[in-house]
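Data first, discussion second: the structure below is written as structure tokens.
Computation of the quantities below employed the complete heavy-atom set of this structure, encompassing side-chain atoms and omitting hydrogens, waters and symmetry-equivalent molecules.
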Amino acid sequence: MNGAGGTSGGIGQFFIGLIMLCGGVYLLLNAISVTSSFGLGARLYGISAWGGNYGITGGMIMIPFMFGIGIIFFNAKNPLGWLLGIGSLIALVFGVISSVHFHLRAMTAFDLIVILVLAVGGLGLLLRSLKDSRVT
């Protein structure tokens, strides 16, 4: 009978490693707080041109979006309207994603060591279970 991954490795090691890995990754992701500085007045993109540094805000991205939606409602076959509408939505999504900040919450060294041992140890155990145990 074959074990995990079709090898003679242990199925028990595989599931213990998987549980450890999932627990460690869950605890690590649970310790991260996500904030955003996005707002319609927040600077999403910066452009340096003509000797100055200019910022494009979320509100500025909404202007071509409004024109694009207006053109689409007037004539749905006009590619300029679709370009303005979809292009500004894509720019807005990229701006929101780029304004996200990740912070690791304050924790003790013991908490961090437990999280890392669970995640990395579980990954090692899981990978070891996929290795053929007959080969030394």
Side-chain angles (χ1 to χ4, degrees):
M1 179 172 151
N2 289 336
T7 66
S8 63
I11 294 177
Q13 284 181 353
F14 177 80
F15 284 114
I16 291 173
L18 183 65
I19 290 169
M20 286 176 60
L21 177 66
C22 290
V25 169
Y26 169 75
L27 289 173
L28 181 65
L29 293 178
N30 196 34
I32 296 173
S33 63
V34 180
T35 58
S36 175
S37 61
F38 176 75
L40 289 179
R43 183 175 151 177
L44 295 178
Y45 303 102
I47 297 174
S48 296
W50 298 294
N53 193 7
Y54 306 100
I56 297 176
T57 64
M60 290 176 175
I61 292 178
M62 297 305 287
I63 294 170
F65 177 73
M66 291 186 307
F67 281 111
I69 295 299
I71 293 170
I72 290 171
F73 273 89
F74 181 74
N75 180 9
K77 294 183 180 181
N78 191 341
L80 178 64
W82 288 102
L83 179 71
L84 286 173
I86 293 173
S88 60
L89 277 180
I90 290 171
L92 193 62
V93 167
F94 276 102
V96 169
I97 292 172
S98 67
S99 70
V100 171
H101 304 283
F102 297 98
H103 302 282
L104 190 63
R105 71 170 167 80
M107 64 176 73
T108 64
F110 179 75
D111 293 338
L112 184 60
I113 289 171
V114 167
I115 289 171
L116 294 177
V117 166
L118 280 174
V120 179
L123 179 64
L125 196 58
L126 186 132
L127 292 176
R128 186 173 84 179
S129 73
L130 298 177
K131 184 178 73 169
D132 194 357
S133 65
R134 291 177 290 200
V135 177
T136 56

- Item | Minimum heavy-atom distance between Asn30 and Arg105, given as atom pair plus value | O-NE, 4.4 Å
- Item | Spacing of Leu127 atom CG and Leu21 atom CG [to the nearest 0.5 Å] | 9.0 Å
- By side-chain contact (heavy atoms from CB on, under 4.5 Å) - contacts of Ile16 (at least two apart): Met20, Leu125
- Item | Ile69 reachable from Phe74 in the ILVMFWY side-chain graph, under 4.5 Å edges | no
- Message: Grouping I, L, V, M, F, W and Y whenever their side-chain heavy atoms are under 4.5 Å apart, do Val120 and Leu29 come out in a common cluster?
- Response: no
- Task: Taking all heavy atoms of Leu92 and all of Met62, pick out the closest pair and write down the distance.
- Result: CD2-SD, 4.0 Å
- Set of residues satisfying side chain to side chain donor-acceptor pair (under 3.5 Å) with respect to Thr108, sequence neighbours excluded: Asp111
- If you look at every heavy atom in Ile32 and Phe102, which pair is closest and at what distance? CG2-CD2, 3.8 Å
- Item | side-chain contact (heavy atoms from CB on, under 4.5 Å) involving Ile86 - partner list, sequence neighbours excluded | Trp82, Ile90
- Looking only at non-hydrogen atoms, find the nearest pair between Gly24 and Ile115 and report the distance. O-CG2, 3.6 Å
- Scan for side-chain hydrogen bond (donor to acceptor under 3.5 Å, both in side chains) pairs involving residues 67-77, sequence neighbours excluded, and state none if there are none. none
- What side-chain hydrogen bond (donor to acceptor under 3.5 Å, both in side chains) pairs are there with at least one residue in residues 15-25, not counting sequence neighbours? none
- At what distance, to the nearest 0.5 angstrom, does CG of Leu27 lie from SG of Cys22? 11.0 Å
- Item | Interatomic spacing from CZ in Phe15 to OG in Ser129 - rounded to 0.5 Å | 9.0 Å
- Are Leu118 and Tyr26 connected in the hydrophobic side-chain network, where two residues link if heavy atoms are under 4.5 Å apart? yes
- Note: Phe65 and Gly85 closest approach over all heavy atoms is CD1-O, 3.6 Å
- Item | Hydrophobic cluster partners of Val117 (side-chain heavy atoms under 4.5 Å) | Ile113
- Query: Which is it for Ile71 and Leu80 under the side-chain contact (heavy atoms from CB on, under 4.5 Å) test, yes or no, and what are the steps along the way?
  - Reply: CA-CA 8 Å; Ile71 293 170; Leu80 178 64; 4.3 Å; yes
- Query: Same cluster for Ile19 and Phe14 if Ile/Leu/Val/Met/Phe/Trp/Tyr side chains link at under 4.5 Å?
  - Reply: no
- Task: Begin from the C-alpha positions of His101 and Val34 and carry the test side-chain contact (heavy atoms from CB on, under 4.5 Å) through to its verdict.
- Result: CA-CA 6 Å; His101 304 283; Val34 180; over 6 Å; no
- Tell me whether Leu83 is reachable from Ile72 by hopping between hydrophobic residues (I, L, V, M, F, W, Y) whose side-chain heavy atoms are closer than 4.5 Å. no
